[in-house]
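For the numbers below, each heavy atom of this structure counts, side chains included, while hydrogens, waters and symmetry mates do not. Fair warning: this is a prediction, and the values are worked out from it, not measured in the lab.
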Amino acid sequence: MNKKTFDALGRLFEAQIRGQLLQSKAKIFSQLEALDYCSKEEIVIGGKFPVKVTGYAITMFGHMDYCLECADRYPDD
């Protein structure tokens with residue numbers, strides 16, 4: 001996996017930890033979506049005036065590949 005893909009998956013992983021969707025117009029995320037590493041999601045924030053938020057969320061396949069790559073890049077000593 002190249003550095004650009006690894007960094008993009010890292011951003012998706014961090015957004016998942018924070019419970020957010022990643023909003024970006026970068027071409028890498030549409031490429032990752034085609035590879036099934038992430039998916040375009042939409043959530044509705046309720047209230048008196050509901051708001052629709054769209055963004056990218058990491059899939060289980062992307063999560064697994066990112067974690068396996070982390071284990072290869074940063075092995076335990």
Quiz item: Which distance, rounded to the nearest 0.5 Å, do you find between the OG of S30 and the NZ of K25?
Solution: 13.0 Å
Quiz item: What distance do H63 atom NE2 and Y37 atom OH have between them, rounded to the nearest 0.5 Å?
Solution: 14.0 Å
Quiz item: Within a strict 4.5 Å, meaning less than it, do heavy atoms of the Q20 and E14 side chains meet?
Solution: no
Practice problem: Examine F13 and L68 and state if one hydrophobic cluster contains both, with Ile, Leu, Val, Met, Phe, Trp and Tyr joined whenever side-chain heavy atoms are less than 4.5 Å apart. | Solution: yes
Quiz item: Is there a path from I17 to L22 through hydrophobic residues (I, L, V, M, F, W, Y) whose side chains come within less than 4.5 Å of each other?
Solution: yes
Quiz item: Between I28 and K4, is any pair of side-chain heavy atoms under 4.5 Å apart?
Solution: yes
Quiz item: Can you check whether Y56 reaches E33 side chain to side chain, under 4.5 Å on heavy atoms?
Solution: yes
Quiz item: Just by modelled atom types, is the T54 backbone N or O under 3.5 Å from a matching donor or acceptor in the Q23 side chain?
Solution: yes
Self-check item: Derivation of the side-chain contact (heavy atoms from CB on, under 4.5 Å) call for L32 and T5
Solution: CA-CA 8 Å; L32 290 175; T5 303; 3.6 Å; yes
Quiz item: Under 3.5 Å, is there a donor-acceptor pair between the side chain of T59 and the main chain of D36?
Solution: yes
Quiz item: If you round to the nearest 0.5 Å, how far is NZ of K52 from CD1 of I43?
Solution: 12.5 Å
Quiz prompt | L21 reachable from I58 in the ILVMFWY side-chain graph, under 4.5 Å edges | solution = no
Self-check item: Verdict with supporting geometry, L12 and Y66, side-chain contact (heavy atoms from CB on, under 4.5 Å)
Solution: CA-CA 10 Å; L12 287 165; Y66 177 71; over 6 Å; no
Self-check item: Ionic contact status for R11 with D7, cut-off 4.0 Å
Solution: no
